[in-house]
Amino acid sequence: MPQQLAIIVLVDVGNALTSNTLDGNTYLFDNMKLHGSENQGSDGLVTAIHGSYWRDGSQASEQVLNWLPYSLGSIPPTVPRGYEVERARQSDEQALAELQDLAAKSTVPSADAAAELNRIRKNVGTRVKTTRRTRGRMSGQKIVDVTGQVVTDDATAAASYPAPVITDIYGEAVDAKIMYPAEYGSPDMVTDGWYWSASVDTSRPGTYSYTMRIQLHRLAQTNGELRWDAVNLTCSSSLKITSEPRRNAFTKAGVGQLPIPTTPPAQRG
């Protein structure tokens with residue numbers, strides 16, 4: 001049975017949004033570096049896939065691919081899903097405590113009290129407006145930076161970008177029915193419950209290209225409200241499929257029983 005190959009799609013979201021392209025802003029990796037994959041860590045990855053066939057020429061097994069998109073310079077994907085909610089709750093509690101303290105100190109309106117009130121209002125952060133495309137994890141949340149601190153109105157440039165989202169995989173490899181990609185749901189805590197996977201037909205060796213449509217999110221301010229606007233870009237990669245007779249990985253010979261000796265080796269004194 002073949003192993004499942006993971007392809008990491010690491011995106012420099014800030015630079016990609018600035019230049020409006022994923023070219024030069026995407027870093028692709030897989031776990032086949034020592035088995036023939038080329039251009040690791042670039043946007044021109046060629047993933048090596050070693051297929052195999054039986055003695056009668058039929059395909060021995062399929063290959064499974066999994067794509068995992070991540071954002072460069074954002075909160076690590078291994079942070080629990082409720083992290084932003086917890087940080088927002090903490091900032092609300094801090095603001096409430098500061099308001100109570102201010103109310104206890106200020107019995108009459110004053111310029112100092114107004115300035116302090118304005119400082120608290122800024123530090124409490126801003127919630128992102130929920131739109132039809134940003135429902136779910138990003139909806140109604142406060143903006144935080146890569147260190148987990150709530151971002152204030154005048155420091156939104158430090159915001160941590162949401163993870164890229166693969167919305168489609170298409171191109172030559174799909175049209176030629178070399179691979180069959182689809183999005184699946186899972187309880188996985190890292191990928192937000194969704195991931196793209198594909199089965200690969202390894203019976204037809206060759207190099208086949210494919211394209212990923214990746215959705216990024218740009219923080220925009222409209223009528224005094226902050227919102228994540230979706231930006232769709234594309235990134236290409238390739239599969240290099242080879243095939244050889246099915247063989248035992250231990251003996252490098254045909255498939256069969258392992259060469260277990262009929263008599264145990266002599267015990268060393």
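Counting begins at 1 with the first residue of the sequence.
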Drop me the distance from [X]'s [atom1] to [Y]'s [atom2], to the nearest 0.5 angstrom.
| X | Y | atom1 | atom2 | answer |
| --- | --- | --- | --- | --- |
| L28 | T47 | CG | OG1 | 8.0 Å |
| Y27 | L10 | OH | CG | 7.5 Å |
| F29 | S42 | CZ | OG | 8.5 Å |
| S71 | D12 | OG | CG | 8.0 Å |
| L239 | D30 | CG | CG | 9.5 Å |
| K142 | R89 | NZ | CZ | 11.0 Å |

**Asked** Between V200 and I178, does a side chain to side chain contact (heavy atoms under 4.5 Å, CB included) hold up when you go through it step by step?
**Response** CA-CA 6 Å; V200 179; I178 295 298; 4.2 Å; yes
Ignoring hydrogens, what is the shortest heavy-atom contact between [X] and [Y]? Give both atom names and the distance.
| X | Y | result |
| --- | --- | --- |
| A220 | D229 | CB-OD2, 3.4 Å |
| N15 | S19 | O-OG, 2.7 Å |
| K177 | R204 | O-NH2, 3.0 Å |
| K240 | G36 | NZ-O, 3.5 Å |
| T242 | P205 | CA-CB, 4.2 Å |

For the residue pair [X] and [Y], establish whether any side-chain heavy-atom pair is separated by less than 4.5 Å.
| X | Y | result |
| --- | --- | --- |
| L5 | N31 | yes |
| L117 | L99 | yes |
| N20 | V231 | yes |
| S197 | V64 | yes |

Do you reckon [X] sits in the same ILVMFWY cluster as [Y], going by side-chain contacts under 4.5 Å, direct or chained?
| X | Y | value |
| --- | --- | --- |
| L102 | L96 | no |
| M32 | V9 | yes |
| M179 | I166 | yes |
| I214 | L17 | yes |
| V165 | L216 | no |

**Item:** Verdict with reasoning, W228 to L219, per side chain to side chain contact (heavy atoms under 4.5 Å, CB included)
**Value:** CA-CA 5 Å; W228 290 111; L219 189 61; 3.6 Å; yes
**Message:** Under 3.5 Å, is there a donor on one side chain and an acceptor on the other for T167 and N232?
**Reply:** no
**Request:** Determine whether the side chains of Q90 and E86 contain a donor N or O and an acceptor N or O closer than 3.5 Å.
**Result:** yes
Is a side-chain N or O of [X] found less than 3.5 angstrom from the main chain of [Y], in a donor-acceptor match?
| X | Y | result |
| --- | --- | --- |
| R213 | D168 | no |
| S74 | Y161 | yes |
| S160 | I75 | yes |
| D43 | T26 | no |
| S58 | W54 | no |
| S237 | L45 | yes |

Table please: side-chain donor-acceptor pairs of residues 169-176 below 3.5 Å, with sequence neighbours left out.
| unit_1 | atom_1 | unit_2 | atom_2 | d |
| --- | --- | --- | --- | --- |
| E172 | OE1 | S209 | N | 3.0 |
| E172 | OE1 | S209 | OG | 3.1 |

**Message:** Is there a side chain to side chain contact (heavy atoms under 4.5 Å, CB included) between Y53 and Q59? Walk through the geometry before answering.
**Reply:** CA-CA 4 Å; Y53 56 85; Q59 183 180 7; 5.7 Å; no
**Request:** Verify side chain to side chain contact (heavy atoms under 4.5 Å, CB included) between I49 and L65, making sure each step is shown before the conclusion.
**Result:** CA-CA 10 Å; I49 295 178; L65 302 178; 4.2 Å; yes
